[in-house]
Structures are given as structure tokens and as C-alpha cells.
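For reference, the structure is listed below as C-alpha cells.
Residue numbers begin at 1 in each chain, while the letters A, B, ... track the order of the sequences. No hydrogens, no waters, no symmetry mates; every other heavy atom, side chains included, goes into these values. All values derive from a computational prediction rather than experimental measurement.
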Amino acid sequence: MKINIDKDGDVFICRLKGEITFSNSPELRKSFIKLIDEQARKLILDLEKVTYMDSSGLATLVEILQKLKSSGGQLKLANLQEMVKSVFEITKLEQMFEFYPEARQAVESFK
Amino acid sequence: MEEKLRINSEYKNINFVSSKILRILKELNVDEEKKFKIRLCVEEALINAVKHGSNLRPEAKIKVDFEIDKEQFKISIEDEGNGFDYEHTPDPTFEEGINKLTGRGVFLIKNFMDKVCFNQKGSMITMIKKLGEVIQE
């Protein structure tokens with residue numbers, strides 16, 4: 001799993017590449033908790049290059065969302081591959097997250 | 001094709017099993033969607049076996065028996081634990097479950113597989129996914 005972070009004003013655009021699984025979810029969680037602790041409040045996760053996500057990946061994103069919300073922040077997800085999106089749909093987590101077809105649109109929604 | 005694997009209850013062995021299965025599915029030209037669902041269900045069931053069934057004891061054994069042909073994929077995963085109450089797992093899509101960080105693995109398995117059953121005590125899961133007619137290379 002690779003994470004590239006760009007900033008557009010106060011919006012953090014995090015581009016993830018690879019698979020989000022039980023083996024790397026703790027590491028991913030740690031990276032984002034650190035980012036939130038460093039005062040990031042507007043986060044976009046661009047999941048275009050995320051090819052697989054299991055229930056521990058979902059749990060990690062739910063935790064990041066909850067932490068951001070409790071700190072007055074927002075999390076938006078962009079560019080999900082069809083099968084990864086289906087995991088959100090089946091678990092009804094699509095109701096909890098905001099989805100955008102592209103990161104650019106997610107950035108615009110913050111403005 | 002049939003395989004009977006006996007693995008130690010360690011996270012690293014989860015990838016060993018799922019990679020082996022994915023290689024066979026690829027040889028059978030199974031489509032990406034079915035491969036994704038099968039991988040996810042196999043890994044979720046193995047995570048449960050390692051974490052809950054074996055209580056993270058690496059010396060504990062997990063039995064993995066699978067059969068794959070052009071019609072279907074069938075796998076049984078059994079751990080040495082005391083099982084769980086599979087008939088009363090909370091629905092993670094209900095209001096009280098949606099914010100929880102756990103409890104989605106079995107739910108995903110039940111949704112992605114065509115047939116799922118457990119032994120009486122809940123220490124063995126059997127899952128079936130229909131593959132339909134796939135084209136042999």
C-alpha cells in the first residue's frame with residue numbers, strides 16, 4: 001500500500017495505491033490518525049488504484065471517518081473501483097460516506 | 001481439483017491459501033468479479049479462524065479443504081476453537097451495527113457466496129460459489 005498526499009489549500013488529497021487488507025490496515029490507520037492529529041480536517045481518499053478491500057479496510061475507513069467527524073472534519077471518497085464500491089454498498093456503508101467520481105469533484109465540494 | 005491443506009493459525013498463511021486458490025481460478029478463466037468475491041470470503045473466514053477460532057495461537061491448526069471445477073468453488077475451513085453462535089450474529093447494516101468497527105466479515109461472506117453453512121458448534125464454515133460454465137484455455 002502506497003499513500004501519496006497532495007494539498008489543495010486546506011484540503012488533503014490522499015492517493016492510495018494497492019490493496020487494503022487485514023495485513024496493512026493497522027499501518028494505514030496509523031498514518032491517517034497521525035494526519036488528523038496534525039490538524040488535517042478536510043480529507044479526500046482517492047481510491048482509483050485500490051484494487052481490493054476487506055472488512056478490516058472498511059473498519060479502518062469507518063474509524064477515520066468517526067475521528068474526523070468528532071474533530072469537526074470531513075472525509076470524502078473518490079474514484080472507487082466497481083468491486084471495492086460493492087463492498088461499501090453491501091454493508092450499507094455507502095450511507096455513511098460521501099462518494100465522488102473524481103478527486104477533483106471532491107475538492108470542489110469543499111469550496 | 002481438490003486440495004486438503006493443514007495450516008498453522010498465522011496471518012501469513014492466509015495469503016498462502018488465497019493465492020493458491022486465485023491461481024487455480026485464473027487458470028480456469030474465472031471472471032474478476034467472482035475472483036474478488038471468492039478471495040474476500042476465503043480471507044475473511046481465515047481471519048476469523050486465526051483471530052477468534054484459534055485466539056491468535058500460531059500452534060493451533062486450521063483445516064482447509066477445497067474443490068474447484070468448472071461448475072463451482074467449494075471450501076470448508078475448520079479451526080480448533082469452540083465455535084460461535086452463527087445464527088445470531090448481529091446485522092452490521094442495522095443502526096446499532098453501522099458504526100461498529102467489527103462484525104462485517106461473516107455478513108460479506110453470506111452476501112458474496114451462493115451457499116454458506118456451519119457445523120453445529122460453529123467452528124467450521126463451508127462456502128460454495130457457482131462458477132457457471134467457464135472457458136478452459
Side-chain angles (χ1 to χ4, degrees), chain A residues 1 16 18-33 36 45 47-71 73-75 77 79-99, chain B residues 9-19 21-22 25-26 30-54 56 89-114 116 125 129:
Chain A
M1 164 62 55
L16 279 60
E19 300 180 339
I20 307 179
T21 69
F22 63 95
S23 60
N24 60 21
S25 286
E27 191 191 332
L28 189 71
R29 178 190 173 278
K30 214 168 140 184
S31 304
F32 283 106
I33 297 293
I36 297 166
L45 301 192
L47 302 179
E48 183 185 11
K49 291 181 177 162
V50 171
T51 53
Y52 179 82
M53 190 183 298
D54 65 14
S55 66
S56 59
L58 289 176
T60 301
L61 297 197
V62 169
E63 194 179 355
I64 295 166
L65 176 72
Q66 288 171 347
K67 185 160 172 71
L68 262 175
K69 275 188 173 174
S70 66
S71 317
Q74 281 179 283
L75 175 68
L77 306 181
N79 249 329
L80 274 74
Q81 294 194 9
E82 202 180 321
M83 285 313 301
V84 172
K85 183 86 185 283
S86 76
V87 179
F88 282 87
E89 286 166 352
I90 290 204
T91 53
K92 303 277 195 289
L93 284 173
E94 57 173 346
Q95 303 164 10
M96 282 183 77
F97 290 92
E98 275 184 52
F99 295 93
Chain B
S9 180
E10 294 178 83
Y11 281 130
K12 65 179 182 188
N13 289 331
I14 294 175
N15 284 332
F16 165 76
V17 174
S18 63
S19 302
I21 289 167
L22 285 173
L25 295 173
K26 191 178 175 191
V30 172
D31 66 57
E32 292 301 319
E33 183 183 334
K34 286 194 179 94
K35 280 193 289 189
F36 183 102
K37 289 178 175 175
I38 289 170
R39 175 187 172 186
L40 191 131
C41 295
V42 168
E43 292 188 358
E44 294 289 350
L46 285 168
I47 291 166
N48 285 343
V50 170
K51 200 171 167 182
H52 306 298
S54 312
L56 298 169
T89 51
D91 186 331
T93 64
F94 284 177
E95 205 177 336
E96 61 272 27
I98 199 91
N99 285 301
K100 287 193 175 169
L101 302 181
T102 56
R104 295 187 179 90
V106 173
F107 183 81
L108 282 166
I109 290 172
K110 286 177 178 171
N111 277 277
F112 277 165
M113 283 284 159
D114 292 312
V116 179
I125 183 170
K129 182 79 182 164

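When side chains are defined from C-beta on, B:Lys37 counts as touching A:Met83, because their heavy atoms get closer than 4.5 Å. Between B:Tyr11 and A:Thr21, every side-chain heavy-atom pair lies at or beyond the 4.5 Å cut-off.
Taking both residues in full, the closest heavy atoms of A:Val87 and B:Phe36 are given as CG2-CE2, 3.7 Å, listed atom of the first, atom of the second, then distance. Nearest heavy-atom pair across A:Thr91 and B:Thr93 is O-CG2, 3.5 Å. The two atoms that bring B:Ile98 and A:Lys92 nearest to each other are CD1-O, 3.5 Å, heavy atoms only. Residues B:Phe112 and A:Ile90 approach most closely at CE2-CD1, 3.2 Å, considering heavy atoms. When all heavy atoms are compared, the tightest approach of B:Leu40 to A:Asp54 is CD1-CA, 4.0 Å.
Using a 4.5 Å cut-off between heavy atoms, A:Gln66 contacts chain B through its side chain alone, with no backbone atom that close. Within the 4.5 angstrom heavy-atom criterion, only backbone atoms of A:Thr51 (N, CA, C, O) approach chain B. For B:Asn99, the parts lying near chain A are the backbone and the side chain together; criterion is any non-hydrogen pair under 4.5 Å. Only the side chain of A:Met96 comes within less than 4.5 Å of a heavy atom of chain B; its backbone N, CA, C and O stay farther away.
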request  = Could you walk me through whether B:Asn15 and A:Phe22 pass the side-chain contact (heavy atoms from CB on, under 4.5 Å) test, one step at a time?
outcome  = CA-CA 10 Å; B:Asn15 284 332; A:Phe22 63 95; 4.2 Å; yes
task = Begin with the C-alpha distance, continue with both residues' side-chain angles, and end with the deciding distance and a verdict on salt bridge (charged side-chain N to carboxylate O under 4.0 Å, His left out) for A:Glu19 and B:Arg39.
result = CA-CA 12 Å; A:Glu19 300 180 339; B:Arg39 175 187 172 186; 2.7 Å; yes
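The 12-atom threshold is exceeded at NZ of B:Lys35, counting heavy atoms of other residues, nucleotides or ligands nearer than 6.0 Å. Few gaps surround CD on A:Glu98; more than 12 heavy atoms of other groups in view lie less than 6.0 Å from it.
Once rounded to the nearest 0.5 Å, the distance linking NZ of B:Lys12 with OG of A:Ser23 reads 13.5 Å. For the atom pair OG (A:Ser56) and CD (B:Glu43), the distance works out to 9.5 Å, reported to the nearest 0.5 Å.
At least one donor-acceptor pair closer than 3.5 Å links the side chain of B:Glu44 to the backbone N or O of A:Ser55.
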